[in-house]
There are 4 protein chains.
Amino acid sequence: MAPLNDEQLHQIRDERKEQIMEAALKVFSRRGIVGTKMSMIAAEAGISHGLLYHYFKSKDELFTTLVQMAMLGAQDAMKSIYDLQGSPLDKIKYLTKEILDESGRPYFMLIHQARTSEGVPEKVKELVAQYSMNSFVDELLPVFKEGQQTGEIAAGDLVELISAYLSVLSSLMMLNIQDEENYRIPSSDILMRMVTGP
Amino acid sequence: MAPLNDEQLHQIRDERKEQIMEAALKVFSRRGIVGTKMSMIAAEAGISHGLLYHYFKSKDELFTTLVQMAMLGAQDAMKSIYDLQGSPLDKIKYLTKEILDESGRPYFMLIHQARTSEGVPEKVKELVAQYSMNSFVDELLPVFKEGQQTGEIAAGDLVELISAYLSVLSSLMMLNIQDEENYRIPSSDILMRMVTGP
Amino acid sequence: MAPLNDEQLHQIRDERKEQIMEAALKVFSRRGIVGTKMSMIAAEAGISHGLLYHYFKSKDELFTTLVQMAMLGAQDAMKSIYDLQGSPLDKIKYLTKEILDESGRPYFMLIHQARTSEGVPEKVKELVAQYSMNSFVDELLPVFKEGQQTGEIAAGDLVELISAYLSVLSSLMMLNIQDEENYRIPSSDILMRMVTGP
Amino acid sequence: MAPLNDEQLHQIRDERKEQIMEAALKVFSRRGIVGTKMSMIAAEAGISHGLLYHYFKSKDELFTTLVQMAMLGAQDAMKSIYDLQGSPLDKIKYLTKEILDESGRPYFMLIHQARTSEGVPEKVKELVAQYSMNSFVDELLPVFKEGQQTGEIAAGDLVELISAYLSVLSSLMMLNIQDEENYRIPSSDILMRMVTGP
DNA sequence: CATGAATGAGCCTTCATTCAT
DNA sequence: GATGAATGAAGGCTCATTCAT
């Protein structure tokens, strides 16, 4: 069989890369960088572990790449709520679901891993510093402020409130919902009480 | 000189054992069983890694011992709130602080590790099953119920509420408070809103 | 270039596996399971110690596999004498040489190790029980009985005689013949006197 | 209590030393130098493992001391048969029992360990060379020669015959008689056939 | 590009030996 | 003399990474 031409090769490369990243995200986000073996990612992606090293120089690089992508995606998600219709509280509810629901969760989990795990690469530490909690708080400040004005959001220091809100969401994500016996992700209603106040 | 008498030996043994367990608790609770190397515990305790094995047969045994102790301690902490004076809400606030403050936190963190980590010993899985979240919920049911009657606690399914409350606390604990740049443990006020309701 | 096809891979795997087993047999049979380090086997096979674990899960598994094979081989050797021409005594002489000569010796030595060493895996203990001395005695009973009838074999309890004969052979094997200064494997003539009688 | 005087101390030293050596002989002779842990010897002697090092500098020294003693004892046993009454064959039978019976067996087993085990100290290798099989053969040559003259012993090369005889005895000793399932020490009758011939 | 064989650093654990008491 | 706490070298095993095919 004739060798593939350049374009085909490029496409294979991209598809494969995406396939690997998807698998890696799935595994890294649950198990962290230390708890993840390259063989797990390979198995999840349905390829040999050797092939991983054609697309990523090392486990660290793969992890770092994913964190970078997740950081950008998280910021996008924050920004995207401003495109929605509805009250400020509606927007915040939407974001809450976005973070806790299946779709976006792995990204936020990965960010959490990057922030809290020991043994992450130096580059990841830099990313964590660059995309600090504050940068996400800034992104949400306008909608929360508007909510305060409409009375939907509790009075008080907004930076504190938003930080607390994001911290709770971030940590909750990490709970294995399968394991109902032990943990239960709170309903939106209960969660929203934190920000709406009495 | 005569060898040490039994009492002295026991004291040394107990002190060392405690010293090791304290060090191990510190490290395990932050890094989990997989992320913890025996050499880390040894370094934290200021002893050689070989000595660990005079006191504990294996890493697994050490971890299991700590989890067992933490489970008992956690249940005690739950029960202890009934000895306090004050309204139901006061008691819940007290427990909240107990869990999030420096003193009790490592124990609860360890329990969280036991519940969520991969690679924990079989014995720990049994302990987790035995001391399930439900058993803790049961412990708190009376005080929450009383709070509902006095109107301090929001109406609604109490098991759900308490589970949510404990889940939030459990996950929050795992955040490095030092890491102010990234996370902020919510103030009691904000947390309490979840249970007091609007 | 395309990856190796299945057949090639299997061949490599099988060759390597055989190479490792040969090396392991050599070392285990002399030094027993405790006295053998995986690095010795690796060195003997000319590979890295890490590679051993691609082919065998553990030292125990490797040892067990070899013992199993040796047990089967030993039984085959016993049976094979019935295919030979010649008098009963000829057949027994042949078997004696088979056991003491370079070719079959390591297998019988390994069986001896399995029977007499401390620290052998549980599975090996089962194998030893399954392939007990008695089962080998049973295999040889017909030829010895025939020998008794022809007068070549001494009168008396055959089970005792065969057991004694096998015990002597088994223990003799373990002598390092290189080390002539200290031990001398008896000549067949001398050995045969035990079974032929006065 | 007043400290012991010199003589008392010396006696304790000797008694202890003997107690340790007896225990060590028991364990070493069965399990070899590699399979024996210092803690096993301490347990067998009923003392702490630390105390072993008051009497013997190291495991190697302890082993070497025992081998030395066993070598001397073995030679004595050989010589002692000449003090007996009876025919040459009677003397050889006596020696055979001496070697295989409970009393002298550990010494001969230890010698066997010294000769055949890997990982014995250099000093032991020298001892093995010094007290080679040949020296034992020499010791027995007269009685065997006499037996040949009386016709009790088979004709042929005596050095070969004696070497074979000792090799068989040495290796048989190592069999665990308990382990009847697998091995059976031959009866004297069967063994004697080797030397008496047809 | 794709595979899996191969390597070796590093972790858990054991055990001979030392030493304070 | 006697004890057992303490140390560290070394062995079994895992897994990230490399490389021949």
Side-chain angles (χ1 to χ4, degrees), chain A residues 3-4 8-9 12-13 16 33-34 36-42 47-60 62, chain B residues 1-6 8-10 12-13 15-17 34 36-42 46-62, chain C residues 1-6 8-10 12-13 15-17 34 36-42 46-62, chain D residues 3-4 8-9 12-13 16 33-34 36-42 47-60 62:
Chain A
L4 301 175
Q8 285 173 308
L9 277 178
I12 285 186
R13 202 175 167 84
R16 272 278 190 252
I33 187 167
V34 180
T36 297
K37 300 172 200 169
M38 289 299 263
S39 61
M40 291 174 180
I41 298 173
I47 60 173
S48 75
H49 63 272
L51 190 53
L52 293 178
Y53 290 87
H54 272 265
Y55 297 94
F56 297 92
K57 228 182 343 226
S58 68
K59 186 177 171 179
D60 276 9
L62 175 52
Chain B
M1 185 172 156
L4 300 177
N5 62 39
D6 268 16
Q8 287 172 307
L9 277 178
H10 267 303
I12 287 184
R13 260 198 97 79
E15 277 172 16
R16 269 278 185 260
K17 211 161 174 171
V34 180
T36 297
K37 299 168 201 171
M38 288 301 261
S39 61
M40 291 173 180
I41 297 175
I47 61 175
S48 75
H49 68 270
L51 190 53
L52 292 178
Y53 292 88
H54 272 258
Y55 296 93
F56 296 92
K57 253 199 303 269
S58 67
K59 186 176 171 180
D60 276 9
E61 194 203 82
L62 176 51
Chain C
M1 183 171 159
L4 300 176
N5 62 38
D6 268 14
Q8 286 172 308
L9 277 179
H10 267 301
I12 287 184
R13 260 196 97 78
E15 277 173 17
R16 268 278 184 260
K17 214 162 171 170
V34 179
T36 298
K37 301 170 199 167
M38 288 300 262
S39 60
M40 291 173 180
I41 297 174
I47 59 174
S48 74
H49 69 269
L51 189 53
L52 292 179
Y53 291 89
H54 271 260
Y55 294 93
F56 296 93
K57 254 202 299 271
S58 66
K59 187 177 169 177
D60 276 10
E61 195 202 80
L62 176 51
Chain D
L4 302 174
Q8 286 173 309
L9 276 177
I12 286 186
R13 207 178 161 82
R16 272 276 190 257
I33 189 168
V34 180
T36 297
K37 301 173 200 170
M38 288 300 262
S39 61
M40 290 173 179
I41 298 173
I47 60 174
S48 75
H49 64 272
L51 190 53
L52 293 178
Y53 290 87
H54 272 263
Y55 296 94
F56 297 92
K57 236 187 332 233
S58 70
K59 187 177 172 179
D60 277 8
L62 175 51

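A note on names: the letters A, B, ... follow the listed sequences, proteins ahead of strands, and every chain is numbered from 1.
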Nucleotide dC15(F), atom C1' - distance to CD1 of I33(A) in whole Å: 14 Å
Closest contact, heavy atoms only, S58(A) versus M38(A): C-CE, 4.3 Å
Separation of dT14(E) P from M40(D) CE (nearest whole Å): 13 Å
d(NZ, K17(C); P, dA6(E)) in whole Å: 13 Å
Spacing of Y55(D) atom OH relative to dT3(F) atom C1', expressed in whole Å: 13 Å
Among dG12(F), dT17(E), dT17(F), the nucleotide that comes nearest once only the side chain of Y53(A) is considered: dT17(F)
Please write out the pairs of protein N or O atoms and N or O atoms of nucleotides 7-9 of chain F separated by less than 3.5 Å, giving the distance to one decimal.
residue: dT7(F); atom: OP2; partner: S48(B); partner atom: N; Å: 2.8
residue: dT7(F); atom: OP2; partner: S48(B); partner atom: OG; Å: 2.9
residue: dA9(F); atom: N6; partner: H49(B); partner atom: NE2; Å: 3.0

Integer-rounded Å distance: dT14(E) P and K37(C) NZ: 17 Å
OH on Y53(A) to OG on S48(A), rounded to 0.5 Å: 11.0 Å
Between CD1 on residue I47(A) and OH on residue Y55(A), distance to nearest 0.5 Å: 7.5 Å
Contacts of K37(D) that satisfy salt bridge (Lys or Arg N to Asp or Glu O under 4.0 Å) - sequence neighbours left out: none
Distance in angstrom units between I41(C) CD1 and dG11(F) P, rounded: 13 Å
pair L52(D)-K59(D): side-chain heavy atoms closer than 4.5 Å: no
Test side-chain contact (heavy atoms from CB on, under 4.5 Å) applied to I41(D) and L62(D), step by step: CA-CA 11 Å; I41(D) 298 173; L62(D) 175 51; 4.0 Å; yes
Nearest-Å distance for atom pair CE/P, residues M38(D) and dA16(E): 7 Å
Gap between atoms CG and P, on L62(C) and dG12(F) respectively (whole Å): 11 Å
Watson-Crick and G-U pairing of DNA chain E, under 3.5 Å, as dot-bracket with | and [ ]: .||||||||||||||||||||
